[in-house]
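The structure appears right after this line, and notes come after that.
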Amino acid sequence: MVEWAGRGAASAVNATRRWVGRPARTRRTDGPGLSAWTRGRASAVAAVLTAVLLVFHRAVPNRPGGLGSLLESFLPWLGVPVVVLLVLALVRRSPLALVALLLPVAAWTYLFGGLLLPAPDPGADDLVVVQHNVSDENPDPAGTARALVRAEPDLIALEELVSPALEVYAETLAPDYPYRTVRGTVGLWSKHPLSGTGPLDIAPQGIGEGWERGLRAVAHTPRGELAVHVAHLPSVRVRASGLAASWRDESAGLLGDALAAEEQPRVVLLGDLNGTVDDRALDPLTSRLNVAERGVALSFPASFPVARIDQVMARGATVASVRTLSATGSDHLPVAARITWD
């Protein structure tokens with residue numbers, strides 16, 4: 001009896017030791033329960049911040065360093081981190097991150113989704129215009145002019161016109177565009193008669209003498225008269241201190257004043273404005289004119305376009321669509337737009 005009792009006690013002790021030494025079971029953290037919603041919190045926060053920047057970009061201060069304008073110049077590119085965050089959310093299998101991504105997707109679609117829709121069918125009475133900064137270093141002005149003619153526009157606006165290239169543009173465009181006006185380094189060629197031609201005073205204070213980059217003319221089209229403004233706003237520079245754009249901003253204000261004083265009910269603005277339509281610096285223009293409803297048309301730099309700084313805007317008419325043309329000898333791509341009459 002003693003022997004069997006001892007054996008039984010020893011067996012019980014050994015069993016207890018084995019049980020105590022076994023690690024405790026833990027609840028799985030990768031299942032469908034609450035823990036699945038705790039993964040990807042960093043991605044979810046990044047998605048919310050991206051949505052906030054898209055919706056409230058005007059809340060980003062522009063001083064110091066023009067940070068707000070810099071953000072707005074590349075605002076559509078906030079769609080890129082959304083794609084990256086989507087990949088991360090799928091890899092992490094994070095429902096939280098996927099739900100959070102609905103916010104920036106909705107914001108981006110609201111702001112820019114319409115530009116991706118197909119352009120409306122062209123109408124017989126539509127006006128086709130081309131805007132192009134031809135570059136003062138263009139090695140082939142004649143080829144550039146021929147490329148623009150192939151788009152069959154009614155109006156062609158050019159910037160950075162310098163001699164002797166100016167004479168080449170004039171000679172090449174003359175057969176198809178017999179009406180033209182040039183002021184300083186900007187010019188307008190038209191299939192329709194022009195009148196009331198003159199300069200636009202958009203020179204900011206402190207800029208050198210002889211700086212002339214704006215003109216105004218009235219085009220007499222088959223549908224009626226149309227005031228055409230052509231402008232080349234000062235360049236901006238991205239520096240370590242931020243965005244240097246004070247001259248551009250001042251010139252945009254002066255151009256806005258000219259548009260406000262324009263008596264013609266129908267107006268088209270063509271130009272290299274050195275800013276995107278989302279940039280608050282162009283508010284003096286975008287608050288008075290409508291912008292393209294369809295088309296992205298990134299125009300600069302031509303080698304890898306990241307922004308459309310070549311603009312077509314209108315009042316009393318609608319910029320139905322905008323697109324880029326094939327590259328020329330310029331560092332900008334030409335932009336073609338279709339204008340419909342209101």
Side-chain angles (χ1 to χ4, degrees), residues 43-85 100-117 202 204 229 231 233-260 267 269 271-300 305-315 318-319 322 335:
S43 296
V45 171
V48 172
L49 291 176
T50 302
V52 169
L53 285 175
L54 282 165
V55 176
F56 300 105
H57 56 90
R58 290 300 180 104
V60 177
N62 219 22
R63 294 290 184 270
L67 185 60
S69 283
L70 186 60
L71 168 66
E72 289 159 351
S73 297
F74 302 100
L75 198 62
W77 289 96
L78 285 181
V80 173
V82 174
V83 175
V84 174
L85 291 172
L101 276 170
L102 293 176
L103 296 175
V105 168
W108 194 95
T109 302
Y110 174 77
L111 291 173
F112 306 111
L115 297 176
L116 303 179
L117 296 176
I202 59 172
H229 291 220
L233 300 189
S235 300
V236 301
R237 296 289 184 267
V238 180
R239 299 170 179 167
S241 58
L243 195 69
S246 60
W247 276 354
R248 188 274 311 267
D249 298 352
E250 183 181 349
S251 189
L254 294 171
L255 181 55
D257 293 340
L259 290 167
V267 183
L269 170 63
D272 174 5
L273 304 184
N274 275 304
T276 69
V277 295
D278 301 301
D279 188 341
R280 69 191 70 179
L282 297 191
D283 282 355
L285 312 178
T286 54
S287 63
R288 295 180 170 95
L289 307 173
N290 64 70
V291 299
E293 296 181 345
R294 299 287 186 271
V296 179
L298 304 180
S299 64
F300 183 82
V306 296
R308 173 157 51 88
I309 62 176
D310 296 272
Q311 306 294 352
V312 179
M313 304 181 189
R315 184 183 78 197
T318 299
V319 185
V322 63
V335 170

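Start at 1 with the first residue, then count along the sequence.
- To the nearest 0.5 Å, atom CG of residue Leu67 and atom NE2 of residue His57 are 13.0 Å apart.
- In this structure, the separation between CG on Asp310 and CG on Leu298 is 11.0 Å, given to the nearest 0.5 Å.
- The closest side-chain heavy-atom distance from Val322 to Arg308 is below 4.5 Å.
- Rounded to the nearest 0.5 Å, atoms CG (Leu285) and CG (Leu255) are 5.0 Å apart.
- Here the side chain of Asn274 pairs no donor or acceptor atom with the backbone of Val236 at under 3.5 angstrom.
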### Message
Show, in sequence, the C-alpha distance, side-chain angles and deciding distance for Leu53 and Leu71, and conclude whether the side chain to side chain contact (heavy atoms under 4.5 Å, CB included) test is met.
### Response
CA-CA 9 Å; Leu53 285 175; Leu71 168 66; 4.2 Å; yes
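- With Glu72 contributing its side chain and Arg280 its backbone, the two residues share a donor-acceptor pair below 3.5 Å.
- Inter-residue side-chain proximity for Ser246 and Glu250 is flagged as unmet; no heavy-atom pair is nearer than 4.5 Å.
- Going from atom CG of Asp283 over to atom CG of Asp278 covers 10.5 Å, rounded to the nearest 0.5 Å.
- Counting all heavy atoms, side chain and backbone alike, Leu233 lies closest to Ile202 at CD2-CD1, 4.1 Å.
- In terms of heavy atoms, Thr286 sits closest to Met313 at CG2-CE, 3.9 Å.
- His229 contributes atom NE2, which lies 9.0 Å from atom CG of Leu289 (distance to the nearest 0.5 angstrom).
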### Message
The test is side chain to side chain contact (heavy atoms under 4.5 Å, CB included); show your working for Leu75 and Phe112 and say whether it passes.
### Response
CA-CA 10 Å; Leu75 198 62; Phe112 306 111; 3.9 Å; yes
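- Of all the heavy atoms in Trp108 and Pro76, the pair that sits closest is NE1-O, 2.8 Å.
- Nearest heavy atom pair, residue Ser235 against residue Arg237, reads CB-NH1, 3.1 Å.
- No side-chain donor-acceptor contact under 3.5 Å links Ser251 to the backbone of Trp247.
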### Query
Does the pair Asp272 and Ile309 meet the rule for a side chain to side chain contact (heavy atoms under 4.5 Å, CB included), with working shown?
CA-CA 6 Å; Asp272 174 5; Ile309 62 176; 3.8 Å; yes
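- Among all heavy-atom pairs drawn from Leu54 and Pro104, the shortest one is CD1-O, 3.7 Å.
- Interatomic distance, CD of Gln311 versus CG of Leu282, reported as 7.0 Å (0.5 Å rounding).
- Distance alone, capped at 3.5 Å, places no donor-acceptor pair between the Ser69 side chain and the Asp279 backbone.
- Taking both residues in full, the closest heavy atoms of Thr50 and Leu85 are given as OG1-CD1, 4.4 Å, listed atom of the first, atom of the second, then distance.
- Judged by distance alone, the side chain of Arg248 and the main-chain N or O of Ala281 form no donor-acceptor pair under 3.5 Å.
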